[in-house]
Amino acid sequence: MYARNHLAARLRAASLGREAQLFLTGPTLSYGGLFAAAERMAGALVSAGVRPGDRVAAQIEKSADALALYLGSVMAGAVFLPLNTAYTQAEVGYFLGDAGPAVFVCDPARESMLAFVAAGVPRLLTLGRDGDGTLADLAARQPDGFAPVACGADDLAAMLYTSGTTGRSKGAMLTHGNLASNAAALARLWKFSEKDRLIHALPIFHTHGLFVATNVALASGCSLTLLPGFDADAIVALMPQSTVLMGVPTFYVRLLSHPGLAEAARSMRLFVSGSAPLMTETHDRWRAVTGHAILERYGMTETNMNTSNPYDGERRAGTVGFPLPGVDLRITDPMTGAEMPRGEIGLIEVRGDNVFKGYWRMPEKTREEFRTDGFFITGDLGTLDADGYVAIVGRSKDLVITGGYNVYPKEVEEAIDGLDGVLESAVIGLPHADFGEVVVACVVARPGAAVSEAAIMAALARVLARFKQPRRIFLIDELPRNTMGKVQKALLRERYCDSFPG
């Protein structure tokens, strides 16, 4: 009966009948049990008025029931819309107003706070981490078995909103084909099997945690240990009986400080990093401590994963590897759109079954972001070297144009990060009356290190052209990051925007 439902069919067929288990803080759950719970969730959603194509929005804590809601929404032919648990009442109100869901599911503890902004949603239900809530009660009353709604590869399965650091946050529409094809490609490329056990410490309102970690586990039938969030002690304790960890760079930086890491990591076969750039220093230190080379890959909300360093072969620090099978990638001139020679910096454009259908209710914006030959303009700047490795230089919106010269922040950041006493940095452009923009760096020192603005400037003067050198160095305690570890440069630009009054 699952053959008609594209994504659910492929994930269920891959995982059921295996020995895989979903390991939780409480009793373990088989994938058979997970899909049975998903069927009851699907029945509950339909009884609540959800019809094919309706949006099901959810701001809930990570749990097996949350995964069942995701799968149940897909079975019901709905479009699943996970929302960051850190979003405020006002932010949730915007997403509900824009997406127009038929059902909004929230944590029972937040129901009274969110009821006002959810007033326009036909049905408000609750689901707690411990299996409580009105949706859980409704699902418990559903009969076993659910005939999934017929869905094809081009039908919508999910919608994720872009981070919205600049301008209006946009809903990226992802199809059954986008998600199923990407999960299958990654499972093959990274050699996942039913013998694997994945440590899952990522949030599940984001591409990385939901559509990479969860979908790849289901697509391969491997076991999954679901952690509420990052916990270095818990992750190190799980390593001896696990094989794979997927994380953001911050995970690896923090794990390097754990005294038990080297011994625990021996049994692991793969460490994957994404969602933010991995520093070369972290890559090198991890290899020295554990003997493993972290596999860095590159994706985004609109495309799922685009590239990956090889499983077999050189995992080059500072690169995100090669385009995935079935993904076409090219580097183009930001001004003309012409393809650039190997080694030159330009816009990264991709085309493939992984690329989203477009932005929700924004047809003009969708047309702007696609070339006539189907390539999606990612907005990321990068290079393609002679061996075919892709390297990300930064976002096109982060490019600093000072006095007519282009400055790529990553080049300056790498120079700063290599200095003694520096932990990390973020380079931004700020308005300037004479130059249009000038380069500025926000620097975090290592604990106990004596770092000064003058010393950093003097060191950079020896390695960078004058126009690339920061006009100011701001020493700060930490860089602002979103939940996936990406540095939020828009917040830094806003903080220091008046540093050079006209």
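One-based numbering along the sequence shown. Just so it is clear, the model here is predicted, and its values are computed rather than measured.
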Are any non-hydrogen side-chain atoms of Phe500 and Arg472 less than 4.5 angstrom apart? yes

Basic-acidic side-chain contact under 4.0 Å: Asp417, Lys410: no

Closer than 3.5 angstrom, by distance alone: can the side chain of Thr307 be matched with the main-chain N or O of Val320 as a donor-acceptor pair? yes

If I take atom CH2 from residue Trp286 and atom CZ from residue Phe271, how far apart are they, to the nearest 0.5 angstrom? 5.0 Å

Is any NZ, NE, NH1 or NH2 atom of the basic residue among Glu424 and Arg481 found under 4.0 Å from an Asp or Glu carboxylate oxygen of the other? yes

Side-chain donor/acceptor of Ser169 to backbone N/O of Thr162, under 3.5 Å: yes

Measure centre to centre between the rings of Phe356 and Phe370, then say whether the value is under 6.0 Å. yes

Check ion pair Glu281-Arg446 (N to O, under 4.0 angstrom): yes

Does the ring centre of Phe435 sit less than 6.0 Å away from the ring centre of Phe467? no

Could you pull out the closest heavy-atom pair between Ala158 and Leu179, with the gap in Å? CB-CD1, 4.3 Å

Roughly how far, to the nearest 0.5 Å, is the CG atom of Leu384 from the CZ atom of Arg342? 4.0 Å

Between CD1 on residue Ile199 and CZ on residue Phe251, distance to nearest 0.5 Å: 10.5 Å

Any heavy-atom pair between the side chains of Leu186 and Asn304 that's under 4.5 Å? no

Are Glu413 and Lys489 within salt-bridge range, i.e. N to O under 4.0 Å? yes

Test applied, ring-ring contact (aromatic ring centres under 6.0 Å, His included); reference residue, Tyr87; option that passes from Phe205, Phe95, Tyr161: Phe95

With a 4.5 Å cut-off on side-chain heavy atoms, are Asp154 and Lys357 touching? yes

Do the side chain of Thr214 and the main chain of Gly209 share a donor and acceptor less than 3.5 angstrom apart? yes

Correct closest heavy-atom pair for Tyr252 and Leu245 would be OH-O, 3.3 Å

With respect to Val427, which candidate in Val443, Val412, Val440, Leu492 satisfies the side-chain contact (heavy atoms from CB on, under 4.5 Å) definition? Val412

Which of these passes side chain to side chain donor-acceptor pair (under 3.5 Å) with Tyr359: Arg367, Lys170, Glu302, Glu364? Glu302

Glu91 versus Leu83: any side-chain heavy-atom pair under 4.5 Å? no

Reported CD1-to-CG distance for the pair Ile331 and Leu381, which is rounded to 0.5 angstrom: 9.0 Å

Nearest heavy atoms of Leu202 and Ala213, plus distance in Å: CD1-CB, 4.4 Å

Start with the C-alpha gap between Val272 and Trp190, add the side-chain angles, then the distance that decides, and say whether side-chain contact (heavy atoms from CB on, under 4.5 Å) holds. CA-CA 9 Å; Val272 179; Trp190 294 341; 3.9 Å; yes

If I compare all heavy atoms of Asn178 with all of Asp353, which pair ends up nearest, and what's the gap? ND2-O, 2.7 Å

Side chain of Glu453, backbone of Ile473: donor and acceptor closer than 3.5 Å? yes

Please check if the side chain of Trp360 supplies one atom and the backbone of Asp98 the other of a donor-acceptor pair under 3.5 Å. yes

Test item: His208 side-chain N/O and Val248 main-chain N/O as donor-acceptor pair under 3.5 Å: no

Let me see the working for Leu189 and Leu324 under side-chain contact (heavy atoms from CB on, under 4.5 Å), right down to the final yes or no. CA-CA 8 Å; Leu189 188 68; Leu324 297 180; 3.4 Å; yes

Step by step, would you call Glu414 with Tyr408 a side-chain contact (heavy atoms from CB on, under 4.5 Å)? CA-CA 11 Å; Glu414 288 179 343; Tyr408 298 98; over 6 Å; no

Are side-chain heavy atoms of Val393 and Leu399 found at a separation under 4.5 Å? no

Do Ser396 side-chain atoms and Gly379 backbone N/O form a donor-acceptor pair below 3.5 Å? yes

Closest non-hydrogen atom pair between His176 and Ala157, with its separation: CD2-CB, 3.6 Å

Under a 4.5 Å cut-off applied to non-hydrogen side-chain atoms, are His6 and Val74 in contact? no

Atom of Gly337, atom of Arg371 and distance for their closest heavy-atom approach: CA-NH2, 3.6 Å

Donor-acceptor check, side chain of Arg351 to backbone of Asp373, threshold 3.5 angstrom: yes or no? yes

SB check Arg315 Glu296 (cutoff 4.0 Å): no

Between Thr207 and Met305, is any pair of side-chain heavy atoms under 4.5 Å apart? yes

Answer whether the closest heavy-atom distance between the side chains of Leu464 and Glu411 falls below 4.5 Å. yes

Can you tell me if Asp387 has over 12 outside heavy atoms packed within less than 6.0 Å of its CG? yes

Crowded around Glu478 CD? As in, over 12 foreign heavy atoms under 6.0 Å? no

From OG1 (Thr301) to CE (Met159), nearest 0.5 Å: 12.5 Å

Carefully, step by step, assess Arg12 and Leu71 under the rule side-chain contact (heavy atoms from CB on, under 4.5 Å). CA-CA 10 Å; Arg12 186 179 188 276; Leu71 294 169; over 6 Å; no

Donor-acceptor contact present, side-chain Ser220 to main-chain Ala217, <3.5 Å: yes

So does Ala99 get a backbone contact from the side chain of Arg55, meaning a donor-acceptor N/O pair under 3.5 Å? yes

With a 6.0 Å cut-off on ring centres, are Phe322 and Tyr389 close enough? yes

Spacing of CD1 belonging to Ile348 relative to OH belonging to Tyr298, to within rounding of 0.5 Å: 4.5 Å

